[in-house]
Amino acid sequence: MNIELVLLEDVKNAVLKLYGQEINDNQIQLQNTRKEFEGDITLVVFPFLRISKKSPEKTSEDIGTFLKDTNKLVTEFNVVKGFLNLVIAQEYWLGAIESANSVDKFGIIEPTENSETVMVEYSSPNTNKPLHLGHIRNNLLGYSICRILQANGYKVVKTNIVNDRGIHICKSMYAWQKWGEGRTPENTGIKGDHLVGEFYVKFDQEYRKEIEELVQSGMEQKEAEQKAPSLVAARELLLKWEAKDPETVKLWQTMNSWVYAGFDVTYKELGVDFDKIYYESDTYLSGKDEVLRGLKEGIFYQKEDQSVWADLTGDKLDQKILLRSDGTSVYMTQDIGTAKKRFIDYPIDKMVYVVGNEQNYHFQVLSILLDKLGFEFGKGLYHFSYGMVELPSGKMKSREGKVVDADDLLEEMVNVAKKMSEELGKLGSLSKEEATETYKKIALAALKYFMLKVDPKKNMLFNPEESIDFNGNTGPFIQYTYARIKSVIRKANDTGITIPKKVNSGHILLPKEKELIKKIKLFPAALKESADNYSPAILANYCYDLVKEFNQFYHEHSILKAETSELVEFRLLLSDVVAKVVANGMELLGINMPERM
RNA sequence: GCCUUGGUAGCUCAGUUGGAUAGAGCAACUGCCUUCUAAGCAGUAGGUCAUGCGUUCGAGCCGCAUCCAGGGUACCA
């Protein structure tokens, strides 16, 4: 039973009986009473003044009296201006904590046979460079939104589209052919994705040099950009690849396999995974077919140079290229093919793309194109658009090597976590392996929470000079509180105290205890809101809020040394529920909780 | 130019469908480890919620205008 729902009906009744008018749910505003006032739940009565034709105070008084008379859970009320503060009976709060404790995963809804299927695409790397901080944000957001959707009862298919073909990988391939000198991950010891990335950077350096030279010899900048030998060579490779030239395909396979091996390591470290991986090389031809079908059906048009276009001016957008003049496909072409294949492979009710906001326009166009091509799912695509990770110097650029590398950062975080743990000297009782495991958990929590606590749609700043915090509103702080609760429970068990299933109905709640119960009760709502808004940040900040509240409680009142054994048991129960809720919440963010730290 | 997203404390960020005196953390300063884990707690200081007008009983939140910043804008992905 939820008190808000009951009160909702009661208030409707009250207004009907007192003033003879029916009102809608959305006119009723119930909120938690602010701490400085007495009461638990507050009804805002301003919206009823028009109906009551009385002063705010008088209206509040009327409704308050009515509620107190009809609902035995409403024990007292007081009025401050147009705010009606209701005091809810103790037994209600005691029941709430008991029921939160009685279920295994409080607030989490397991998917069933009939649940809707959501496919979430995230990560979507290019195979020409290693992952950087921007990709980390994508992966963490993608993974956790999958978990959050699942916890809200959706069937989720985690998917990844690997952009394994295209001009970008041809650039790395060309650079390797030209300057690679037969270097491989094996003979250099360099992680595969990093090695390939080096050639991508090399390409860009040489390409820029060539442009400069051409411009100095009198060519226009634009023309030079198109005619620089390196780019021409990369284009040729792309044509050869699309023509299935054996040598080119072989090189492509080899270099991609290096990258995949590297990505696997990074994904594993990050703790993300996928149910189904799509490769653009498998889907782009189908996309091309769709575009050609569209051309034949007159949905698209062809220019004299043979390039194929969509005219979207009717949708208040622009002209969009779908096939280059040399017949090769572009990003959009591939996405059409991939989308089609996915809807054949799975019974998808909702398709979510986790992709940066720089591609907002792309997804707007994709949606319209699919719709024009007659795919009914086109209009329903959802672009989960998130902001950039910026450095103090501005945007990250892989080509210029101006990035925070994912692997480097992870390693650095583990080192810092290790150093801090050793300084604090708390992991002495653990074996070396267990301690290392714990450093990793802490480091990952710091990184993940740092990325996820920020509203996804906003750009965020990362300053490499200042390493990510382990104190304050951070993952490790939340882990720490959890570990402390676990420690208390261990101590209790050692002395033979166990956590009860039921609470003593005569227990009188302290203000802090009640505050904790109220916060715990908010978990299901936070979880739902997190899913509805595609924002792990809501869940992250909820976890912090709850843990912060617990810490205050912990410092004001002892648990094991409480006055009576009943009180000890009650507080143990309360602490245990906090730990469980926080662990469940953090798990949905992909953050694991250590038993000790 | 057009489209789009943002602007909250020195810094990084929260801020429930519009609701009571706008909140955390970091940095600074002050206390608290003989007491269940001090990665903590309590406190001090720090705000024209970019600016102006409007809607409303009530605006950080809604509308309009302006300023600033990011992103996109026909053969990169």
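Lettering of chains follows the sequences in order, A, B, ..., and the numbering in each one begins at 1. The basis for the numbers below is simple: all heavy atoms, side chains too, and nothing from hydrogens, waters or symmetry mates.
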Practice problem: Report yes or no: is the cationic atom of R165(A) (NZ for Lys, CZ for Arg) closer than 6.0 Å to the six-membered ring centre of Y284(A), at no more than 45° off its axis? | Solution: yes
Quiz item: Which one is paired to A28(B), where only Watson-Crick or G-U wobble pairs with both distances under 3.5 angstrom count?
Solution: U44(B)
Exercise. Ignoring hydrogens and angles, state whether a donor on the side chain of D164(A) or T127(A) is under 3.5 Å from an acceptor on the partner side chain.
Key: no
Quiz item: Does a nitrogen or oxygen in the side chain of Q552(A) sit under 4.0 Å from OP1 or OP2 of A42(B)?
Solution: yes
Self-check item: Phosphate contact (A77(B) OP1 or OP2) by N128(A) side-chain N/O below 4.0 Å
Solution: no
Practice problem: Report yes or no: is the cationic atom of K320(A) (NZ for Lys, CZ for Arg) under 6.0 Å from the centre of the six-membered ring of W309(A), at an angle within 45° of the ring normal? | Solution: no
Quiz item: Do Y301(A) and Q319(A) meet the criterion of a side-chain donor-acceptor pair at a distance under 3.5 Å?
Solution: yes
Quiz item: Can you tell which of G6(B), C75(B), G72(B) lies closest to the side chain of Y361(A)?
Solution: G72(B)
Self-check item: Given RNA chain B, 5'-ward residue of the pair Y544(A) and I538(A), judged by closest heavy atom
Solution: I538(A)
Exercise. Looking at every strand, decide which applies to T42(A) at a 4.0 Å heavy-atom threshold: base, sugar-phosphate, or nothing.
Key: base
Practice problem: Taking only the side-chain nitrogens and oxygens of K548(A), find out if one of them lies under 4.0 Å from OP1 or OP2 of C41(B). | Solution: yes
Quiz item: Whom does A38(B) pair with, Watson-Crick or G-U wobble, provided both distances fall under 3.5 Å?
Solution: none
Quiz item: Between the side-chain atoms of D455(A) and the base atoms of C13(B), is any donor-acceptor pair under 3.5 Å?
Solution: no
Quiz prompt | Distance test, side-chain N/O of K453(A) to OP1/OP2 of U12(B), below 4.0 Å | solution = no
Self-check item: Closest listed nucleotide, where the reference is the side chain of I167(A) and the choices are A14(B), G40(B), C76(B)
Solution: C76(B)
Quiz item: Within this structure, what is the CG-to-C1' distance between N126(A) and A77(B), rounded to whole angstrom?
Solution: 6 Å
Quiz item: Which part of the nucleic acid, if any, lies within reach of K316(A) when heavy atoms closer than 4.0 Å are counted: base, sugar-phosphate only, or nothing?
Solution: nothing
Quiz item: Are the ring of F83(A) and the six-membered base ring of A20(B) within the stacking cut-offs of under 5.5 Å and under 30°?
Solution: yes
Practice problem: Using a cut-off of strictly less than 4.0 Å, decide whether S487(A) has a side-chain nitrogen or oxygen near OP1 or OP2 of U37(B). | Solution: yes
Exercise. Compare side-chain N and O positions of K458(A) against OP1 and OP2 of U12(B) and report whether any pair is under 4.0 Å apart.
Key: no
Exercise. Would you mind classifying the nucleic acid contact of Q479(A) as base, sugar-phosphate or nothing, using non-hydrogen atoms under 4.0 angstrom?
Key: nothing
Practice problem: Please determine if a side-chain N or O atom of R34(A) lies less than 4.0 Å away from the OP1 or OP2 oxygen of A22(B). | Solution: no
Exercise. Report yes if a side-chain nitrogen or oxygen of R50(A) is closer than 4.0 Å to either non-bridging phosphate oxygen (OP1 or OP2) of C57(B); otherwise report no.
Key: yes
Practice problem: Indicate, with a heavy-atom threshold strictly under 4.0 Å, whether M597(A) touches base, sugar-phosphate, or nothing. | Solution: base
Practice problem: For T328(A), report the nucleic acid contact type (base, sugar-phosphate, nothing); a contact means any heavy atom under 4.0 Å. | Solution: nothing
Quiz item: Which one is paired to C67(B), where only Watson-Crick or G-U wobble pairs with both distances under 3.5 angstrom count?
Solution: G7(B)
Exercise. Tell me what K320(A) touches on the nucleic acid: a base, only sugar-phosphate, or nothing, going by heavy atoms under 4.0 Å.
Key: nothing
Quiz prompt | 5'-most by nearest nucleotide on RNA chain B - N85(A) or R235(A) | solution = N85(A)
Practice problem: Could you tell me whether A537(A) contacts a base, only the sugar-phosphate backbone, or nothing, with contacts defined as non-hydrogen atoms closer than 4.0 Å? | Solution: nothing
